[in-house]
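Whatever order the structure lists them in is the order used to number ligands and atoms, beginning at 1.
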Amino acid sequence: MTNVQTFIVEPGTPELAICARWRANAFPVLQASFEDELRSLELFASDQAHGVALIAKADGKPIGTCLLVETEIEPNHDVSPWLAGLFVVPEYRRKGAGAALVAAIEDQARQREFSRLYLYTTDAAGFYARLGWSVLDRTNWKGFDTALMVRDL
Ligand SMILES: CC(C)(COP(=O)(O)OP(=O)(O)OC[C@H]1O[C@@H](n2cnc3c(N)ncnc32)[C@H](O)[C@@H]1OP(=O)(O)O)[C@@H](O)C(=O)NCCC(=O)NCCS
């Protein structure tokens, strides 16, 4: 198990570009370029009242990211808030970083006094189930068979 720490991504920091690069490459379904991602993350990070972007580091090096957002992109369910955009770099997977980012986003939601948190996943339902999440519904989201999952906080 690697020593993973999570931090809030602040506007104007180089970490925004790192997260934007990961997001543009890892989530082609979003059809957003690096520049698109950078712009929207910069805006997002500058208003932490409505959500937060986290970055995970191991040995001082950025290894992953996750967001707490009010609204998923084109949601099929009228629920809020959402855990979104979880990503860990391949060479640091299966070392606890994903679980650490999920726990940190859950904490951010608790700090904002939410009692439930939601997410969509196409192929990581097993990962989230191990972390205490349950499948609430299934839906066709952007053409993919997708689970709506919930976590009571
Ligand atoms: C999904 C992802 C974030 C997991 O990150 P990770 O750092 O490897 O996760 P962890 O090491 O914290 O794993 C926690 C547990 O879940 C298990 N696990 C990891 N990925 C899994 C998966 N895809 N399915 C089922 N279980 C999984 C691990 O074995 C571990 O269990 P253990 O503690 O008993 O060994 C990572 O694989 C990733 O970035 N994938 C690409 C992007 C993605 O699919 N994001 C999710 C979008 S909804």
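For atom 12 (O) of ligand 1, the candidate residues are Gly85, Ala99, Ala56; the nearest heavy-atom contact is made by Ala99. Among Leu86, Val4, Ile63, the residue whose heavy atom lies closest to atom 45 (N) of ligand 1 is Leu86. Nearest to atom 41 (C) of ligand 1 by heavy-atom distance, out of Met149, Lys95, Arg94, Arg93, is Arg93.
Judged purely by atom type and a 3.5 angstrom limit, Arg112 uses its side chain to pair as donor or acceptor with the backbone of Gln108. When atom types are taken as modelled, the side chain of Glu72 and the backbone of Leu119 share no donor-acceptor pair closer than 3.5 angstrom.
With respect to Lys57 and Glu15, a salt bridge is recorded, a charged nitrogen being found less than 4.0 Å from a carboxylate O.
Using a 4.0 Å heavy-atom cutoff, Ala26 is absent from the residues neighbouring ligand 1.
For the salt bridge (Lys or Arg N to Asp or Glu O under 4.0 Å) test, residues two or more places apart in sequence or in another chain that qualify with Arg39 are Asp36.
Between Gly96 and ligand 1, an N or O atom pair is found at a separation short of 3.5 Å. Note: an N/O pair closer than 3.5 Å links Gly98 and ligand 1 by distance alone. The distance criterion of under 3.5 Å between nitrogen or oxygen atoms is met by Val88 with respect to ligand 1.
Ring pair Phe27/Phe87 is perpendicular by interplanar angle, where above 60° counts as perpendicular and below 30° as parallel.
Among residue pairs with one or both ends in residues 144-153, those qualifying as salt bridge (charged side-chain N to carboxylate O under 4.0 Å, His left out) are Glu106-Arg151, Arg116-Asp152, Arg138-Asp145; sequence neighbours excluded.
Less than 4.0 angstrom separates some heavy atom of Tyr120 from each of these atoms of ligand 1: 48 (S). If you number the atoms of ligand 1 from 1 as listed, the ones under 4.0 Å from a heavy atom of Thr121 come out as 48 (S).
Between Leu68 and Gln111 there is no side-chain heavy-atom pair separated by less than 4.5 Å.
Of all the heavy atoms of Arg130, the ones lying under 4.0 Å from any atom of ligand 1 belong exclusively to the side chain. Proximity of Tyr128 to ligand 1, defined as any heavy-atom pair under 4.0 Å, is confined to the side chain (atoms from C-beta onward).
In this structure, the separation between CG on Asn3 and CG on Asp59 is 7.5 Å, given to the nearest 0.5 Å.
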